[in-house]
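Each remark here refers to the structure printed beneath this line.
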Amino acid sequence: MIRNNPANGNLLNKFRQEISDSCRQAAETNRDLYRLTVPTGAGKTLSSLRFALYHAKKMKKQHIIYIAPFNSILEQNAEEIRKAVGDSSVVLEHHCNVICEEGEEERYRSLTETWDSPIIVTTAVQILNTLFSDQKSCIRRMHTLCNSIIIFDEVQAIPVKCMELFNLAVNFLSQFCDTTVVLCSATQPTLTKIKNNNICECEEMTGTVEKYAEAFKRTNIIDATGLYPGGMKIKDLSNFTLERTELYQSTLIIVNTTACALEFFQQLKKICPEEYVLFHLSNNMCPQHKLDTLEAIKRNLKDQSKKVICVSTQVVEAGVNFSFGCVIRSRAGLDNVIQAAGRCNRHKELGRLGAVYIVKISKDVEKLERLHEIRDAQNALQKVLDDFKSEPNQFKNELDSEEAIKKYYSNYYSQLRTNETKFPVDKYATTIIDLLGKNEIGKQQYKRTNGEEIRTRLPQAFFTAGKVFEVISNDYKTGVVVPYNDEAKKLISELSEERFDIEIQKKILRKLQRYTVGISETRKGILGNAIYECCDGEVRGLCDGYYDEEVGVVDEPNMEIHFF
């Protein structure tokens with residue numbers, strides 16, 4: 001086989017069509033809960049949409065709601081969905097980066113509060129808030145979830161703390177609300193049961209989970225964690241990356257922290273030959289910067305005369321449609337590794353298997369002391385790697401087999417802390433699962449106050465649960481508008497002008513979402529006066545010089561911006 005052989009892509013398209021046809025056939029059945037488990041790059045989004053359109057027509061469902069975990073996936077897939085249905089007016093895209101046309105702001109705000117649209121494309125955060133938050137705007141959308149079809153894409157990305165709440169919500173919607181739920185992923189966490197509050201039995205749309213594994217096998221996952229027993233230093237990782245790039249032409253490296261990604265990128269800049277093209281992606285960059293960088297990466301990957309390296313955090317891991325010859329993944333969860341592998345040899349364009357290396361980075365480089373979820377995932381993966389090394393047959397000699405995935409999730413769930421999947425609420429020494437269930441702490445408090453047992457059959461603390469529910473904690477993050485480009489600078493300037501009324505200010509603020517970065521309290525202290533207030537203290541901005549065109553927010557100013 002030769003590089004870029006069109007037959008490779010055509011063969012995959014044949015299987016993608018077969019998967020799509022299976023979903024079309026499943027639309028004729030009358031089940032409440034489906035699972036679509038196919039390899040990365042198998043066309044889950046459009047296949048599940050095809051199911052939803054036909055199923056909605058047959059079962060007279062009122063809405064189709066497509067859910068993705070990250071905005072980067074959502075914007076990409078929203079465009080695909082609009083093209084597929086052929087009428088953009090029936091698709092409501094709801095997330096913070098949407099910019100409305102002139103005069104459409106009020107209508108858009110109304111639609112996002114009610115979701116009164118045939119097809120809604122939104123984030124996991126928005127739908128979880130709709131289910132559990134006490135915000136009035138979220139509660140108004142609740143009715144829309146009934147008698148609908150809800151597609152959860154990349155379901156493995158639901159936060160661990162929300163796991164049981166999510167499972168119970170899926171069961172409630174599918175069993176009591178006349179809603180059809182579809183769970184999509186290449187690495188389904190539902191393959192392994194947890195101790196409590198499991199999802200009800202799912203109907204697999206495409207038959208056996210591994211049916212298409214061989215057809216979509218585009219990579220070889222290689223355990224390289226033993227190359228440096230103590231873990232790779234930045235220099236080790238840099239040399240390893242250059243060696244792989246010489247072999248495979250393009251390399252994507254995914255590490256676990258933004259600090260590690262920045263240090264590694266800076267080291268590569270020092271040692272890479274001039275003909276190499278380097279990219280960096282992390283949450284130090286504003287959303288628009290990330291989108292622009294993704295487009296630049298795709299353009300450069302098409303040029304076979306260039307050697308391309310991208311250093312990234314897991315922001316590119318799921319759903320991003322680009323393809324490298326080689327992927328290097330710092331040890332995390334097996335689901336992370338398999339999702340990362342989906343960014344390698346995506347359409348079998350190499351004419352051979354791409355290489356996905358799992359590497360171990362030293363503790364002093366990644367600094368994961370406070371990130372226990374990643375450390376738990378590493379431990380669960382390491383057990384799989386150790387078992388694979390001693391007895392690969394039990395995993396059918398593949399680290400991305402169904403057996404390996406089941407073993408990984410079993411390892412991961414077995415080491416979770418007490419109540420970790422029940423949404424702990426440290427403030428009240430309880431969990432949201434208990435607040436919405438027996439509410440033992442509330443009943444005890446009632447007894448202490450009134451001297452008798454509570455007699456109601458509904459002891460749930462709905463108000464408290466809704467108040468404390470927060471998918472992504474913002475306690476230690478401050479949104480800061482960055483001067484990424486001329487439009488961002490113009491919007492910041494306009495926002496400071498007092499002549500604008502409140503509605504115009506709201507419109508500007510929505511546009512500025514694309515130029516906003518979350519800054520931790522620690523980093524806010526480091527940046528000091530580089531962060532300033534405007535709009536009567538309502539908005540925080542970042543001074544010129546502290547935003548780099550390659551890596552985003554930096555702690556030290558780039559003086560080249562001011563002096564020529």
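For Gln445, the CD atom counts as loosely surrounded, since its 6.0 Å shell holds 12 or fewer non-hydrogen atoms of other residues, nucleotides or ligands. Around the CD atom of Glu452, the shell of radius 6.0 Å holds more than 12 heavy atoms that belong to other residues, nucleotides or ligands. Counting heavy atoms of neighbouring residues, nucleotides and ligands inside a 6.0 Å radius, atom NZ of Lys298 exceeds 12 of them. More than 12 heavy atoms of other residues, nucleotides or ligands lie within 6.0 Å of CZ in Arg417, so this atom counts as buried by the packing criterion. Annotation for Lys407: atom NZ does not count as buried by contact number, only 12 or fewer foreign heavy atoms lying within 6.0 Å.
The shortest heavy-atom contact between Pro459 and Gly437 is CG-O, 4.2 Å. Closest approach of Ala465 and Ile432 over heavy atoms only: O-CD1, 3.9 Å. Pairing each heavy atom of Phe216 with each of Thr40, the nearest pair is CD2-O, 4.4 Å.
Legend: residues meeting side chain to side chain contact (heavy atoms under 4.5 Å, CB included) with Gln17, ordered by chain and number and at least two apart, are Ser20, Asp21, Arg50. Taking Asn439 as the reference, Leu435, Ile441, Ala461 meet the side chain to side chain contact (heavy atoms under 4.5 Å, CB included) condition, with sequence neighbours excluded. Partners of Thr130 by side chain to side chain donor-acceptor pair (under 3.5 Å), not counting sequence neighbours, listed by chain and number: Arg141.
The shortest distance between side-chain heavy atoms of Val539 and Glu533 does not fall below 4.5 Å. The side-chain heavy atoms of Cys202 and Leu183, taken from C-beta on, include a pair separated by under 4.5 Å. Proximity of Cys184 to Val155: side-chain heavy atoms (C-beta onward) are nowhere separated by under 4.5 Å. A heavy-atom distance below 4.5 Å is not found between the side chains of Lys489 and Glu494. Two residues are said to be in side-chain contact when any heavy atoms from C-beta on lie closer than 4.5 Å; Leu371 and Asn256 fail this criterion.
With Ser148 contributing its side chain and Cys146 its backbone, the two residues share a donor-acceptor pair below 3.5 Å. Between the side chain of Ser47 and the main chain of Lys44, no donor-acceptor pair closer than 3.5 Å is present. The main-chain N or O of Asn147 is found under 3.5 Å from a side-chain atom of Thr179 such that the two form a donor-acceptor pair. Asn129 places no side-chain N or O within 3.5 Å of a backbone atom of Gln126 that could act as its donor or acceptor partner. With Asn336 contributing its side chain and Ala332 its backbone, the two residues share no donor-acceptor pair below 3.5 Å. The backbone N or O of Ile120 sits nowhere less than 3.5 Å from a side-chain atom of His94 that would complete a donor-acceptor pair. Counting only distance, with no hydrogens or angles, the side chain of Ser410 and the backbone of Lys406 share no donor-acceptor pair below 3.5 Å. Between the side chain of Asp434 and the backbone N or O of Lys422 there is no donor-acceptor pair closer than 3.5 Å. Panel note: side chain Glu453, backbone Lys447; no donor-acceptor pair is recorded below 3.5 Å. Checked by atom type and distance alone, the side chain of Ser22 pairs as donor or acceptor with a backbone atom of Glu18 at under 3.5 Å.
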Note to self: Go through it in stages, so that I can follow the logic: the residues are Phe166 and Ile199, the test is side-chain contact (heavy atoms from CB on, under 4.5 Å), and I'd like the CA-CA distance, side-chain angles, deciding distance and then a yes or no.
What the structure shows: CA-CA 9 Å; Phe166 175 76; Ile199 282 181; 4.1 Å; yes
task = Show your working on ring pair (Phe, Tyr, Trp, His ring centres under 6.0 Å) between Phe51 and Tyr34 and close with a plain yes or no.
result = CA-CA 10 Å; Phe51 163 85; Tyr34 295 86; 4.9 Å; yes
May I have the step-by-step check of side-chain contact (heavy atoms from CB on, under 4.5 Å) for Ile150 and Ile127, ending in yes or no?
-> CA-CA 10 Å; Ile150 305 178; Ile127 197 164; 3.9 Å; yes
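Remark: the Thr37 side chain and the Glu204 side chain contain an N/O donor-acceptor pair separated by less than 3.5 Å. No hydrogens or angles considered: nothing links the side chains of Arg514 and Asn485 as a donor-acceptor pair under 3.5 Å. For the residue pair Thr29 / Glu203, no side-chain donor-acceptor distance below 3.5 Å is found, with atom types taken as modelled. Asn419 and Thr431 form no side-chain donor-acceptor contact under 3.5 Å, judged by distance and modelled atom types alone. Side-chain polar atoms of Asp292 and Tyr484 form a donor-acceptor pair below 3.5 angstrom. Side chains of Asp376 and Tyr412: no donor on one and acceptor on the other come within 3.5 Å.
The existence of a salt bridge linking Lys490 and Glu487 is excluded, since no basic side-chain nitrogen approaches an acidic carboxylate oxygen closer than 4.0 Å.
Distance check: Cys200 SG to Leu168 CG gives 9.5 Å after rounding to the nearest 0.5 Å. Distance check: Leu53 CG to Lys61 NZ gives 14.5 Å after rounding to the nearest 0.5 Å. Note: Gln513 CD to Gln288 CD = 13.0 Å, rounded to the nearest 0.5 Å. Here Leu436 contributes atom CG and Leu165 contributes atom CG; the two are 6.5 Å apart, rounded to the nearest 0.5 Å. With rounding to the nearest 0.5 angstrom, the CD atom of Glu93 is 12.5 Å from the CD1 atom of Ile119. Summarising the geometry, atom NZ belonging to Lys195 is positioned 13.5 Å from atom OH belonging to Tyr413; distances are rounded to the nearest 0.5 Å.
Taking the six-membered ring for Trp and thresholds of 30 and 60 degrees, Tyr212 and Phe15 have ring planes more than 60 degrees apart, a perpendicular arrangement.
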